[in-house]
Amino acid sequence: MESNGKNASEPENVRQPLPNVQSLLVRLEELRVDFENNGQDALFSDPAVLASGEETQKDVETSQAVEHTAGEHLRKKRRRRYGRGIKKRNDEQLSEDEQDPGEGTSQRPDGKQNVDELLTAENIVILQLLSMTPDERQEYLLEVGFQRNLLVISGQGERAKLEMNPTIYNALKKNRQNRENNINFYKIRDMLSDRKHSQSRRERTVHKKDHESRRQEKKKGKLKAKKLPADFSDIEQNYLNLMEANKQKNTQDASITQQLMTFAADLIEKKRATLMEGEIRVSTVNFLNAFIANPTGGKDIMLRSFLLRRHAMPGDIVRCLVFKTSVQANEKASTSQGDDDPEETEDTGEELKDERETEEPPEIEERDVGVVIEILEMRHNRLVIGTFEKKNLYQLIPRDIKMPRVRICIYDLMMREMKRNKENLTQFIFLAQISGSSPKDVYGQLVKVVGLAGELESESRAILMANRLCPEPYPDEILTNLPQFDITPDDIKERADLRRTCIFTIDPPTARDLDDAVSCVQLDQDTFEVGVHIADVSHYIPENSILDNILMSRTTSIYLVNTVYHMLPLQMCLNCSLLPGKDRLAFSVFWRMNADGEILEERFTKSIINSCVQLAYNHAQTIIDRSPESLRVEDFPAICSDQYKFTDIVTSVNLLHKLSRKLRSRRFEGGAVKLDQAKISFELDPKSGLPVKFSTEVIRESNELIEEYMLLANITVAREIYKKFPESAVLRCHNPPDVHQFQKLENEFKGIGLTMNLTTTSAIAESLAKAIEAQKNPEAAKTVLHYMMTKPMMRARYFCSGTVEGEEDFKHYLLSIPIYTHFTSPIRRYPDILVHRQLAAVCGKATAPILPPEQIQKIANMCNDQKYNAKLANNDSINLYFMKYLEMKKSLSMRAAVYKVGLYYIDAILVDTGHHIKVTLSQLHVSIVEKSSPQVIEITIKGKKSEKKEKSPPMKLHLSIFSECCVTVSCKKDKLRAKLLFKETLDCVRA
């Protein structure tokens with residue numbers, strides 16, 4: 001214990017034995033009993049004490065600080081003495097330190113000790129220790145032992161732990177026969193073995209300071225308090241308790257799985273739950289919420305916490321225990337690793353309400369929820385792309401909002417190197433590998449530095465990595481052994497020679513891969529032969545070759561704003577693309593049809609073609625819009641043929657256009673639905689690579705012309721290969737939307753005063769057309785309605801015909817057709833190569849495919865994943881360049897279609913880009929117009945005084961869903977910010 005400013009229980013020399021611990025504990029008990037019996041009388045019945053009440057009160061008030069002050073003083077003094085090389089204690093001073101407490105002290109006449117003697121610093125520390133619970137006392141002693149270097153950290157990373165200072169341990173071990181020490185080394189070792197110490201003193205200090213600053217900011221209202229966790233059911237709570245208990249024991253995963261299976265078996269026996277398997281799908285708003293498709297057709301199974309799914313990542317296949325419980329409708333789980341973003345929306349599409357609005361009590365519904373028993377297949381690679389923030393330099397903030405934050409170990413080599421300059425951590429993008437997890441954190445190590453944050457090239461690389469795309473360059477052994485692309489006499493003998501046919505391409509002006517070409521020949525007055533010609537890529541890629549296996553892993557080309565990562569080697573792309581004036585191998589589909597677009601006959605053949613000209617959509621549109629006499633040859637690309645002239649191209653385009661209108665009309669009469677979404681492209685500076693301007697793609701009749709013939713080719717080929725290979729045909733389907741999501745959408749439509757029939761695709765198309773036509777601003781209404789209809793839609797996917805139950809599962813919902821595939825883009829899609837091989841077998845030009853249905857389905861799944869990831873990467877790239885453009889321009893004035901209205905915000909969709917934005921109204925006077933459906937808000941701006949000092953009347957603006965408004969859009973912290981332009985919007989509404 002501490003007395004007279006010295007530490008009597010701690011040796012100046014580690015080899016010196018410590019005092020008898022048993023006698024010390026006896027003395028502690030005597031002091032406690034003495035204080036309980038005499039301390040109260042000493043404080044309140046002695047006149048001397050009452051007279052000195054001010055001083056006594058001061059002692060009591062500072063008693064909590066005595067421990068720290070005295071301890072710090074002693075530690076400083078001890079360090080000074082060690083620094084001077086003092087190895088032995090001064091005998092005279094030691095005798096004073098070990099003086100009997102009763103000697104030299106004054107006692108009251110009644111024999112009781114004075115309060116000053118009882119309330120010494122060491123006694124207060126003793127009483128504080130006695131008042132602690134065993135766990136609190138252990139934590140305190142561990143902290144003191146660590147600060148005084150009695151305990152040290154050994155090991156690195158997750159193996160870091162506390163142990164006794166080896167110097168002290170070895171010194172005391174030599175004196176173990178001296179029972180005066182009374183130190184049980186085994187008990188200390190056992191106590192420390194279960195405790196992993198992963199934070200240094202400095203990190204704990206930073207963490208405490210950060211926690212304190214955030215608490216103070218919350219008090220000031222700068223930060224929103226986190227929502228309370230969701231109320232878990234008893235099954236979920238028992239699951240969490242089981243996981244926590246195993247975590248404390250460091251139980252192996254296999255043992256945990258066995259315990260969870262026992263846990264599940266008990267609930268299944270009681271008929272409270274069932275086991276299911278499925279793929280994890282993580283919310284795009286809150287990574288804590290995950291879902292699994294419900295095989296019963298009901299609402300998706302919900303996993304309401306990251307812990308309840310054993311940290312399974314998106315795409316993982318899991319075995320799940322499913323049961324029913326009551327949850328809040330549209331429930332959003334609590335986020336323990338970050339604050340909720342008020343601008344983000346629920347996974348269900350319901351928008352977060354402004355804090356200042358009055359919220360209705362949440363609805364309670366019973367639905368299937370689950371907990372993960374076992375991760376059957378880890379499909380996710382556990383790689384995370386992210387950046388660090390200054391407020392927390394040990395937690396990597398992921399770019400993908402479906403991923404958790406990753407705590408990086410302080411002993412990570414890259415972290416230690418980068419931390420020498422703290423600014424480096426916040427300026428760079430990092431790639432990390434998740435290595436483990438605990439009930440509170442996910443741990444990982446830094447793998448590499450991707451590049452500077454904010455730099456377009458670095459950000460583009462980060463986009464690829466974040467979407468699990470790795471377009472590595474082709475190895476030299478592949479590039480040097482590519483097949484010969486020269487057309488041989490055997491090719492001519494086995495194929496239809498169409499080089500003298502008027503064939504041409506129509507593509508976007510920036511098209512990189514020319515997969516398809518078209519032709520149209522009038523056979524007689526009422527009969528036409530239309531041809532679609534697709535590059536025969538499969539001719540150069542033998543099945544199961546090295547190149548074929550590489551393409552199987554790539555599955556698709558990746559299109560970013562600044563570059564394209566081709567699926568094929570670049571040389572093969574160029575030699576397969578249907579360039580004008582070049583002989584190319586192709587796969588051709590022909591239809592003989594009448595003037596009404598009715599198909600009379602169809603045929604397939606391998607061919608050799610030579611395209612006459614490469615037209616862009618705007619060239620074809622000019623031909624469609626204008627009379628042949630008004631067209632000028634110099635406004636179009638050169639014709640690469642000595643047989644056909646410009647007039648022949650014009651005639652063919654017009655014939656194709658007329659027939660395509662018939663095909664399109666018949667397709668939409670059959671129930672097809674077209675949900676347009678804005679697509680933008682950028683013009684980049686050739687030197688800096690920065691965006692100079694952007695434009696919105698306009699869909700015109702020339703686009704629809706090509707779309708109709710590509711769809712027709714895909715449908716025709718799908719029927720043919722399924723007829724020949726019913727068990728192994730590579731097809732593409734689009735499942736109907738989830739029934740519950742559609743019901744929710746229907747209720748949303750009713751809330752805005754629309755009656756929408758969503759029973760069939762034909763009814764949807766008709767309802768959409770009527771709703772858009774009835775609005776004052778059809779363009780804004782179309783933008784919002786198509787956005788709302790897109791949200792509940794499922795993703796189309798590839799599949800093998802032999803792995804589904806029946807032909808009912810072949811249907812493509814939005815196209816409203818019974819069977820479909822992809823045949824028209826083999827340069828950029830691997831499934832098209834598989835379809836070409838099957839069609840070649842149908843035509844007798846190749847042997848039947850050797851892959852079994854299960855293997856084909858596995859490839860199809862991989863293609864689905866990669867295609868979706870490539871699409872996300874394309875969207876991210878567009879957003880990156882759009883944000884950069886806004887950053888360079890500071891702000892832009894843009895048109896927006898109102899989606900939802902409130903007192904403090906407007907939800908809107910940017911008409912020209914399709915971005916979803918929140919327009920704040922906090923600085924404006926807003927009121928709700930009563931008895932209006934849909935809801936209407938009134939925005940009022942007070943009138944200004946004129947030169948005659950007459951105040952003009954206030955200006956009022958009414959806004960509701962489908963209204964068009966003008967906003968200024970800016971970029972702040974990589975997020976869109978928008979403000980309403982009142983006068984411009986008022987002019988727009990009046991117009």
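Throughout, numbering of the chain's residues begins at 1 and tracks the sequence. Keep in mind that this is a model prediction, so the values were computed, not measured.
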Quick check: does any side chain N or O of [X] sit under 3.5 Å from a backbone N or O of [Y], one acting as donor and the other as acceptor?
X	Y	answer
N467	L469	no
T783	E779	yes
N777	S963	no
N714	F823	yes
R977	T920	no
H915	L910	no
S877	V561	yes
T761	G671	yes

Check the pair D368, K299 against salt bridge (Lys or Arg N to Asp or Glu O under 4.0 Å), reporting the backbone distance first and the verdict last.
CA-CA 7 Å; D368 288 331; K299 283 189 175 182; over 6 Å; no
Does any non-hydrogen side-chain atom of [Y] lie less than 4.5 Å from one of [X]?
X	Y	value
P778	E773	no
R468	N381	yes
L980	C965	yes
I375	I280	no
V282	M313	no
L303	V369	no
R664	R667	yes
I878	K679	no

From the options T759, L785, N757, select the one residue that forms a side-chain contact (heavy atoms from CB on, under 4.5 Å) with S767.
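One option only clears the test, and that one is N757.
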Test D316 against every option in R281, R310, R382, K402 by the salt bridge (Lys or Arg N to Asp or Glu O under 4.0 Å) rule and name the one that passes.
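Considering R281, R310, R382, K402, a salt bridge (Lys or Arg N to Asp or Glu O under 4.0 Å) with D316 is found only for R382.
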Do you know which two heavy atoms are closest between [X] and [Y], and how far apart they sit?
X	Y	result
L745	M788	CD1-O, 3.7 Å
L758	I764	CA-CG1, 3.7 Å
A312	F306	O-CE1, 4.1 Å
D912	T696	O-OG1, 2.6 Å
Q775	A781	CG-CB, 3.5 Å
V911	A897	CG2-N, 3.9 Å

May I ask you to decide if the ring planes of [X] and [Y] are parallel, tilted or perpendicular, using 30° and 60° as cut-offs?
X	Y	result
Y813	F742	perpendicular
F799	F810	tilted
F682	F694	tilted

Whether E366 and K324 form a salt bridge (side-chain N of Lys/Arg under 4.0 Å from carboxylate O of Asp/Glu) is what I want to check.
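A salt bridge is absent here (no side-chain N lies under 4.0 Å from a carboxylate O).
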Would you mind checking if E704 and R661 are paired as a salt bridge, meaning a charged N to carboxylate O distance below 4.0 Å?
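Yes, this pair counts.
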With rounding to the nearest 0.5 angstrom, report the [atom1] to [atom2] distance, [X] to [Y].
X	Y	atom1	atom2	result
F323	R272	CZ	CZ	8.5 Å
Y617	L705	OH	CG	9.0 Å
K782	I772	NZ	CD1	6.5 Å
I906	T985	CD1	OG1	8.0 Å
I856	T803	CD1	OG1	9.0 Å
L976	K918	CG	NZ	13.0 Å

Can you confirm whether the side chains of Y798 and H822 place a donor and an acceptor under 3.5 Å from each other?
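A pair is found: one side chain offers a donor N or O, the other an acceptor, under 3.5 Å apart.
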Is it the case that H916 and Y899 place a side-chain donor and acceptor less than 3.5 Å from each other?
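No, no side-chain donor-acceptor pair sits under 3.5 Å.
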Do any pairs count as a side chain to side chain donor-acceptor pair (under 3.5 Å) and have a residue in residues 860-874, sequence neighbours left out, and if so which ones?
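Pairs touching residues 860-874 that pass the test: Q857-N861.
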Under the salt bridge (charged side-chain N to carboxylate O under 4.0 Å, His left out) definition, can you give me all pairs with a residue in residues 755-770, not counting sequence neighbours?
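Those involving residues 755-770 are E766-K770.
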Side chain to side chain contact (heavy atoms under 4.5 Å, CB included) assessment of E374 paired with L376
CA-CA 6 Å; E374 182 181 7; L376 301 175; 3.9 Å; yes
Could you work out, with side chain to side chain contact (heavy atoms under 4.5 Å, CB included) as the rule, every residue matching P398, not counting sequence neighbours?
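P398 satisfies side chain to side chain contact (heavy atoms under 4.5 Å, CB included) with V384, M403, R405 only.
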